[in-house]
There are 2 protein chains.
Amino acid sequence: MRSMSLPSSRTRGRPARLDRARTVQTALDLLNESGLDALTMRRLAQAMDVQAGALYRYFAAKQDLLTAMAEHMVDGIADAAGPTGEGDWSERTARLARALRTALLAHRDGARVFAGTHATGPNTLGFADSLVGVLREAGFGDGDAARALYSVANFTVGHTLEEQAALAPGETGSVEGATLREAVTAGTYPHLAATLPVLTSTDFTAHFEFGLRLLLDGLRAVRT
Amino acid sequence: MRSMSLPSSRTRGRPARLDRARTVQTALDLLNESGLDALTMRRLAQAMDVQAGALYRYFAAKQDLLTAMAEHMVDGIADAAGPTGEGDWSERTARLARALRTALLAHRDGARVFAGTHATGPNTLGFADSLVGVLREAGFGDGDAARALYSVANFTVGHTLEEQAALAPGETGSVEGATLREAVTAGTYPHLAATLPVLTSTDFTAHFEFGLRLLLDGLRAVRT
DNA sequence: ACCTGAACACCGTTCAAGT
DNA sequence: ACCTGAACACCGTTCAAGT
């Protein structure tokens, strides 16, 4: 057969079993199945039918793989702003923040992976440019727009980190309900006792929307 | 001697070289010297002139040690609210948020340690009770006060995580200045290009105060 | 009661050697 | 060019045995 006797000029030898894209995809699948702590280079190699050392031809270190995973996770979120005119600046900023949270939630330990790396790929930079763009076009100054990006991004990542930690196996509720309830019933922490139903609520979307609204209302006040 | 034949009921045998308090303190010292990645049970044991296995008489797992470290880091921050009447609710809340950030900044990788654990000791709960108390006494509803705690805490931890990551060895600036500058000069990301001076600024206090102000202004709007 | 010594079951990373 | 095999220098954790 021609395909055996005349290998294509680009790919002499056997076709590579590995490449960056396939490795990142397999790593994200493994992350979803087993979580970040179980994502080892050896297990990933096993899932790709290869020895662990082979991965280092494509990623200089595990950290680089994690960064590529983080970048892949936030693919497309820049588009959440929508076209100019579709909603005012606060609604468009809210959509971007929600898209970031949703992207992180889409993968087990997604926020931990994202927070633990410093992705500077087109998806991450595109998101940043989009958010800053929405605010600049709405009349915000360059300084305020840049700082607003940090505020929204840091709050969103911080929130989702907590959210995924609370939802992880072994966690009762948002602040480990059992321990809280004990300490609180003992009479200390009267204010926590009074707000216990909300504190132990697992409606994280409501918590997120509350904080997001604070930031947007705050931005509205800054704008004038 | 009586002390040999009649060992005190609490401390027979040689005095223990280890105890929780001394171990946590040594671990925090080691953290400051070498960072979280270098803080291993074996190195900590070495610093205490003991075998690694001995640590497990006081901490069931490394995670428990890290939780105790996190709790110790935020000792006293609840007091930052000050007595009732010393500043209005927004100033008292700001002081609490700043105290949290300062406490995390006081230890290398402090935010990573705090975010990676779920301390429920008196320092952490005291801080939470204090912040919720400030808002409830100012007339905020229980639900809003509880959610405001999450917003402020998640933003503060998220911000400090970024701040300490940016300050870590090997990082140029806030968003890896070099890579950003390249991508930005290429013409893509026009909004990032325009705001580059602020984005790459290392004045993290200004960034933090901006976000904190957004949250407090947002809370002011919610209050009415 | 408190700690040692030694083991168990792993890690990330490197690199000569094979094909 | 791409991957194997094997090693290096570690990890967290457990637990019989010593004192």
Side-chain angles (χ1 to χ4, degrees), chain A residues 4-24 26-27 30-31 33-70 109 112-113 116-117 170, chain B residues 1 3-24 26-27 30-31 33-70 109 112-113 116-117 170:
Chain A
M4 290 183 72
S5 51
L6 290 175
S8 94
S9 58
R10 306 184 290 92
T11 62
R12 38 192 166 151
R14 346 164 200 30
R17 266 173 293 170
L18 254 34
D19 64 78
R20 283 183 65 95
R22 228 175 67 78
T23 306
V24 168
T26 308
L30 204 56
L31 181 70
E33 285 167 28
S34 322
L36 182 56
D37 294 333
L39 179 66
T40 69
M41 296 301 267
R42 292 172 126 97
R43 275 205 254 244
L44 175 58
Q46 195 172 23
M48 305 193 77
D49 274 308
V50 101
Q51 296 294 315
L55 296 169
Y56 289 82
R57 187 163 300 274
Y58 301 91
F59 301 93
K62 185 182 184 179
Q63 190 63 30
D64 295 353
L65 169 64
L66 290 168
T67 302
M69 291 168 67
D109 293 330
R112 256 173 85 197
V113 171
T117 58
Chain B
M1 318 266 290
S3 61
M4 289 184 72
S5 51
L6 288 177
S8 93
S9 56
R10 307 183 289 93
T11 61
R12 357 156 222 188
R14 349 164 199 28
R17 264 175 293 173
L18 255 35
D19 63 78
R20 284 182 64 94
R22 228 175 68 79
T23 306
V24 167
T26 309
L30 204 56
L31 181 71
E33 285 166 29
S34 323
L36 182 56
D37 293 335
L39 179 65
T40 69
M41 295 301 267
R42 292 171 126 97
R43 276 205 253 244
L44 174 59
Q46 195 172 24
M48 305 193 75
D49 274 308
V50 102
Q51 295 294 315
L55 296 170
Y56 289 84
R57 186 164 301 274
Y58 301 91
F59 301 93
K62 185 181 184 179
Q63 189 62 31
D64 295 353
L65 169 65
L66 290 167
T67 302
M69 291 168 67
D109 293 330
R112 255 173 87 197
V113 170
T117 58

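Only this structure's heavy atoms are used, side chains among them; waters, hydrogens and symmetry mates stay out.
- Relative to the side chain of A61(A), the nucleotides dT13(C), dG12(C), dC3(D) differ in distance, and dT13(C) lies closest.
- Protein atom OH of Y56(A) is 11 Å distant from nucleotide atom P of dC11(C), rounded to whole Å.
- Checking dT13(C), dC3(D), dG12(D) against every side-chain atom of A54(A), the shortest atom distance belongs to dC3(D).
- Side chains of R17(B) and M48(B) form no contact here, defined as non-hydrogen atoms less than 4.5 Å apart.
- If you take CG of L30(A) and C1' of dC11(C), they are 15 Å apart, rounded to a whole angstrom.
- Considering only side-chain N and O atoms, R42(A) lies nowhere under 4.0 angstrom from the phosphate OP1 or OP2 of dT13(C).
- For M41(A), the side-chain atoms get nearest to dG12(C) when compared with the rest of dG12(C), dC3(C), dT14(D).
- Under 4.0 angstrom from either OP1 or OP2 of dC11(C) there lies at least one side-chain N or O belonging to R43(A).
- For T40(A), the listed nucleotide lying nearest its side chain is dG12(C); candidates were dT4(D), dC2(C), dG12(C).
- In this structure, of dT4(C), dC3(D), dG12(D), it is dC3(D) that holds the atom nearest to the side chain of L18(A).
- With rounding to whole Å, Q51(B) atom CD is found 18 Å from dA17(D) atom P.
- The shortest distance between the side-chain N/O atoms of Y58(B) and the OP1/OP2 oxygens of dC3(C) is below 4.0 Å.
- Spacing between atom CG of D37(A) and atom P of dG12(C) amounts to 11 Å, rounded to whole angstrom units.
- When the P atom of dC15(D) is taken as reference, atom CG of L55(B) falls 17 Å away, rounded to whole Å.
- A salt bridge links D37(B) to R112(B): at least one charged side-chain nitrogen sits closer than 4.0 Å to a carboxylate oxygen.
- The same atom, C1', is picked in dA17(D) and in dC2(C); the two are 13 Å apart, to the nearest Å.
- Rounding to whole angstrom units, NZ of residue K62(A) and P of dC10(D) are separated by 18 Å.
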